[in-house]
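Beneath this line is the structure, given in structure tokens, with notes to follow.
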Amino acid sequence: MPHSNPSLSISFPPFEPHRAKTVEPIHITTAGERRELLQSHGFNLFRISAEAVMIDLLTDSGTGAMSSAQWSAMLRGDESYAGSASFQRLVDALKRITGIANVLPTHQGRVAERLLVETIIGRPDAAQLRKGSNGGGGGLIVPNNAHFDTTRHMIEAGGAQAMNLLPRSGLDPANDGPFKGDMDVAALEKLLNTRGDDVPFVMLTVTCNSNGGQPVSLANMHAVRDLCDAFGKPLILDACRFAENAFFISQREAGQSSRSALAIAREMFDLSDGAAMSTRKDGLCNVGGLLLLRDENLHRKACRLCVLTQGFQMTYGSLPGRDLEAIAVGMQEALDETYLSQRAAMITHLGDSLQRGGVKTVRPVGGHAVFIDARDFCPHLSDSSDSASHALACAIYEDAGVRCTPIGSVLFDQRTGRAPDLVRLAIPRRTYSPSHLEYAAASIVELRHRASSIMPRPLPHDLDIDMTTTSAFEPAFR
Ligand SMILES: *Cc1c(COP(=O)(O)O)cnc(C)c1O
């Protein structure tokens, strides 16, 4: 039954604020076919052909649909080596959104992270690596609310320590708090007081991917900024989901409801000295990343490092002009409140449908995904050495043709007791309709009634870090 949610401008069911111009058929498979595929691919969901997946919720990274405006902008992509008009259009768009004019495009977010770390901390040094210490960053600590795993690896490869400073409440999956991405400011202050000289810069990940896409409040960002000012530290955003974070602020933070997502995003960037981001998320593109550094000298240094392995910053970084055009348009479209509110409503609706059906999820649902507690779903597998999340993800695929990701128990640290073993349903942008997600929710709720029949599944022996989007899978597939 349609009902309206007072916090949202669109009533349920949340219909998409776009219509289809091109469609891609979904190949319908049977449970029997999918069972055979699972068996013949060693129960490794990453090996299954995407054509045998009916609804693919493996990741929200690079899997979204581009708009007609993005596709038409691509046609005017200027591929000149120097002086490209496409680069200038990207700079103009980013200046409006972020206020930062020093733009270095990269082919993914992790390249922006590598250049950030190499620019500020230095490159891993082969001699030091041989001696067992990793590199130039020995003894340094980079705090963050929670590092995404590529960021952590990049920092640790540079020899520094990547430190997460989420408070306990941010790590408790049952806590319904509005800003579970907020950094523990007291812990940051303590770190800066005791080890200040060892902190080259401070990071904030918006939204915080590692605890489930949870937002960071403006109040928290201001408090972190104040500490950075007091101790003379740059503040760098991991801004992959900056638009979703801005939307949550407009919905949840006192005094913010009448502001546009663009105005809030601008305030977030104004509080920072720069940002590294993937444009495969809120850039609404299938490729790309950005490194934005306010400081001219740091920007130049990053550009000099970029030219060695990526390309010429003064006007393309490491992307074709046509992709710069798509990013420029996508970054602006991502701040459209109608798009943002429909996306949030659709994901909340998915989480609510699962919870109403008795499926326990991480609360509140995040900006890009819903996380199911696999041990609660499959109590008979909760003590087995095999991972319940892996067995559940295989069962959901076999049963419904819906592919999701067994995340394992890496999202939450052990301070809160036994970490939940999670299955993630990540929602690609502008790709699936509410009815696709209703089908997914109904199938999973129905599967729950037969949960005791879910078989433990052998962990794939052939799944290594190179095949996954993130090393988050490692613990689940040990
Ligand atoms: C995806 C992601 C990255 C890395 O971006 P890629 O484009 O995949 O290299 C970094 N940080 C966060 C928070 C992410 O979600």
Side-chain angles (χ1 to χ4, degrees), residues 46 57-64 104-118 142-158 162 164-166 170 180-183 201-216 221 236-246 248 268 272 274-292 306 309-310 317-319 323-324 326-327 330-331 334 343 347 366-369 371 405 407 410-411 422 424-429 465-473:
F46 286 80
L57 307 183
L58 201 63
T59 176
D60 67 320
S61 175
T63 50
L104 177 48
T106 58
H107 67 266
Q108 283 207 214
R110 64 200 66 188
V111 183
E113 292 169 346
R114 183 168 73 76
L115 293 169
L116 170 75
V117 169
E118 287 186 9
V142 179
N144 198 333
N145 47 356
H147 289 278
F148 183 66
D149 34 21
T150 55
T151 329
R152 168 179 297 284
H153 284 298
M154 229 53 85
I155 288 167
E156 291 178 350
N164 288 355
L165 292 181
L166 279 176
K180 284 170 70 179
D182 279 359
M183 184 182 264
F201 60 99
V202 175
M203 290 188 81
L204 271 177
T205 304
V206 295
T207 57
C208 187
N209 189 351
S210 303
N211 70 340
Q214 304 291 341
V216 180
M221 281 184 226
I236 305 292
L237 298 183
D238 177 340
C240 293
R241 297 181 181 81
F242 74 101
E244 288 167 12
N245 199 87
F248 280 128
M268 289 162 45
S272 79
M277 68 177 283
S278 168
T279 52
R280 296 160 58 89
K281 286 94 175 211
D282 280 352
L284 298 181
C285 287
N286 308 116
V287 74
L290 294 168
L291 179 59
L292 310 172
C306 176
T309 54
Q310 305 289 314
S318 50
L319 287 177
D323 289 321
L324 304 183
I327 294 170
M331 293 279 291
R343 175 167 170 78
I347 297 176
H368 65 286
F371 295 78
T405 310
I407 291 281
V410 294
L411 284 191
L422 302 170
R424 182 184 73 186
L425 285 70
I427 314 303
R429 293 172 181 77
I465 181 167
D466 297 327
M467 293 173 52
T468 64
T469 52
T470 118
S471 60
F473 306 103

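In what follows, every heavy atom counts, from backbone to side chain, and hydrogens, waters and symmetry copies are set aside. All ligand and atom numbering here is 1-based and tracks the order in the structure.
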TODO: Please name the residue in the list Arg429, Lys281, His368 that meets the side-chain hydrogen bond (donor to acceptor under 3.5 Å, both in side chains) test with Asp60.
DONE: Arg429

TODO: Say whether Asn144 and Arg152, considering side chains only, have a donor N or O and an acceptor N or O under 3.5 Å apart.
DONE: no

- [ ] Check whether any N or O atom of Gln108, backbone or side chain, sits under 3.5 Å from an N or O atom of ligand 1, and answer yes or no.
- [x] yes

TODO: Taking only heavy atoms of Ser278 into account, list the atoms of ligand 1 that are under 4.0 Å away from them.
DONE: 5 (O), 6 (P), 7 (O)

TODO: Could you check Leu116, Leu115, Leu290, Leu292 and say which one makes a side-chain contact (heavy atoms from CB on, under 4.5 Å) with Leu104?
DONE: Leu115

Open item on the list: Taking distance alone, with N or O pairs closer than 3.5 Å, would you say Asn209 contacts ligand 1?
Closed with: yes

Task: Criterion side-chain hydrogen bond (donor to acceptor under 3.5 Å, both in side chains) against Thr150, the qualifying member of Arg114, Arg110, Glu113 - done: Glu113

- [ ] Ignoring hydrogens and angles, tell me if any N or O in the side chain of Asn145 forms a donor-acceptor pair with the backbone of Gly181 under 3.5 Å.
- [x] yes

Open item on the list: I want to know if ligand 1 touches Gly109 in the polar sense, i.e. an N/O pair below 3.5 angstrom.
Closed with: yes

Open item on the list: Check this for me - ligand 1, Lys281, N or O atoms closer than 3.5 angstrom, yes or no?
Closed with: yes

- [ ] Determine yes or no for a side-chain-to-main-chain donor-acceptor pair under 3.5 angstrom, with Thr63 supplying the side chain and Thr59 the backbone.
- [x] yes

TODO: May I ask you to test the Ile427-Leu57 pair for a side-chain heavy-atom distance under 4.5 Å?
DONE: yes

Task: Side chain, backbone, both or neither: Thr279 near ligand 1, heavy atoms under 4.0 Å - done: neither

Open item on the list: Show the atoms of ligand 1 that are less than 4.0 angstrom away from any heavy atom in Arg280.
Closed with: 7 (O)

Task: Partner of Val206 by side-chain contact (heavy atoms from CB on, under 4.5 Å), out of Arg241, Met221, Met277 - done: Met221

- [ ] With heavy atoms only and a cut-off of under 4.0 Å, state how Arg241 meets ligand 1: side chain, backbone, both or neither.
- [x] side chain

TODO: Check whether any heavy atom of Gly289 sits under 4.0 Å from an atom of ligand 1.
DONE: no

TODO: Go through ligand 1 atom by atom and flag the ones less than 4.0 Å from a non-hydrogen atom of Thr205.
DONE: 13 (C)

Task: Met277 touching ligand 1 at heavy-atom level, < 4.0 angstrom - done: no

